[in-house]
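Single-structure report; data block below.
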Amino acid sequence: MVAAVGEHGRLPQSDAVTWESFPWEVVDGALVPKVLRPPLHAEPPRKGDPGGDPCPTCAGAGGETRIWENDRWSVRPFHRSGMPLVLFLEPREHLDFTDLDDDLAAEYGRLTVWLTRIMSNLPYVGRVHVFRVGDGVSHLHVWFVARPERLPGIVGSMAMEWDDLLPPPPEEVWRADLGTVARHLATHDGRALV
Ligand SMILES: [Zn+2]
């Protein structure tokens, strides 16, 4: 990690500062909140919504990288990035969070606890953050973000911003962690695919 730190101890800038949804901008040398734009007439369709672009998950995006599955759910990694490990839990069927029936909701709860506990026991992981956003793609994809331990600036709701900034873990470590998670989850249910 030290090798990637540049002058003044700063890591390279993230692309997120150019995003329309980035809430701050520099005005007269001071970082200030952007001026809110007026409301739209309606929420824009997401990928996978009627009237939106096709669902990338149902089209197979990321399917080849799955590390675990059962007949209703699968787990795949986000690309190798700054956090030690970032995984998605997704239903095999095209369903949003609010579409889950009680049986799927109960299974979602069990899988979420198992996955969080397994990832929390990986070396160098301080805590696993779990969240669902769903503003870009309608096919449910729950984020499981393992943040590094003992780095006091990388905590709370802003921790994920460091995913673009920190150097990624070595590929062999990342792949070994994927295998560990898949094998442990398969002791509860489903099949490990790596
Ligand atoms: Zn879908």
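Basis for what follows: all heavy atoms, side chains included, without hydrogens, waters or symmetry-related copies. Residue numbers run from 1 in the order of the sequence given.
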Within the 4.5 Å heavy-atom criterion, are [X] and [Y] side-chain neighbours or not?
| X | Y | answer |
| --- | --- | --- |
| Val155 | Arg147 | yes |
| Lys34 | Phe22 | yes |
| Trp68 | Val181 | no |
| Arg46 | Val137 | no |
| Ser74 | Glu90 | yes |
| Val145 | Val128 | no |
| Glu25 | Val27 | yes |
| Asp103 | Glu107 | no |

Using modelled atom types and a 3.5 Å cut-off, is there a donor and acceptor pairing between side-chain atoms of [X] and backbone atoms of [Y]?
| X | Y | result |
| --- | --- | --- |
| Ser138 | Lys47 | yes |
| Arg80 | Pro169 | yes |
| Asp49 | Gly52 | no |
| Ser81 | His79 | yes |
| Arg66 | Ala192 | no |

Distance (rounded to the nearest 0.5 Å) between [X] [atom1] and [Y] [atom2]:
| X | Y | atom1 | atom2 | result |
| --- | --- | --- | --- | --- |
| Ile118 | Leu85 | CD1 | CG | 11.5 Å |
| Trp143 | Asp163 | CH2 | CG | 7.5 Å |
| His94 | Asp99 | NE2 | CG | 7.5 Å |
| Ile67 | Phe88 | CD1 | CZ | 12.0 Å |
| Glu93 | His139 | CD | NE2 | 8.5 Å |
| Asp164 | Leu11 | CG | CG | 11.5 Å |

Just checking Asp101: does its CG atom have more than 12 heavy atoms from other residues, nucleotides or ligands closer to it than 6.0 angstrom?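 Count over threshold, so yes.
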
If you count the non-hydrogen atoms of other residues, nucleotides and ligands that lie under 6.0 Å from CD in Glu43, is the total more than 12? no

Are [X] and [Y] connected in the hydrophobic side-chain network, where two residues link if heavy atoms are under 4.5 Å apart?
| X | Y | result |
| --- | --- | --- |
| Leu185 | Val142 | yes |
| Met83 | Val125 | no |
| Leu115 | Trp174 | yes |

Any Lys/Arg nitrogen of Arg37 or Glu20 sitting under 4.0 Å from an Asp/Glu carboxylate oxygen of the other? yes

Below 4.0 angstrom, N of the basic side chain to O of the carboxylate: do Glu69 and Arg191 qualify?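 A salt bridge is present here (some side-chain N lies under 4.0 Å from a carboxylate O).
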
Determine, stepwise, if the pair Phe144 / Phe131 fulfils ring-ring contact (aromatic ring centres under 6.0 Å, His included). CA-CA 7 Å; Phe144 292 77; Phe131 55 92; 9.2 Å; no

Show your reasoning for whether side chain to side chain contact (heavy atoms under 4.5 Å, CB included) applies to Arg72 and Asp189. CA-CA 11 Å; Arg72 294 159 302 282; Asp189 189 12; 4.3 Å; yes

Selection residues 128-137 - residue pairs positive for salt bridge (Lys or Arg N to Asp or Glu O under 4.0 Å), sequence neighbours left out: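 Counting only pairs at least two positions apart or across chains, the salt bridge (Lys or Arg N to Asp or Glu O under 4.0 Å) contacts touching residues 128-137 are Asp96-Arg132.
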
Which of parallel (below 30°), tilted (30 to 60°) and perpendicular (above 60°) describes Phe97 and Tyr108? perpendicular

Going by chain and number, the hydrophobic cluster around Tyr124 (ILVMFWY, side chain to side chain under 4.5 Å) further includes none

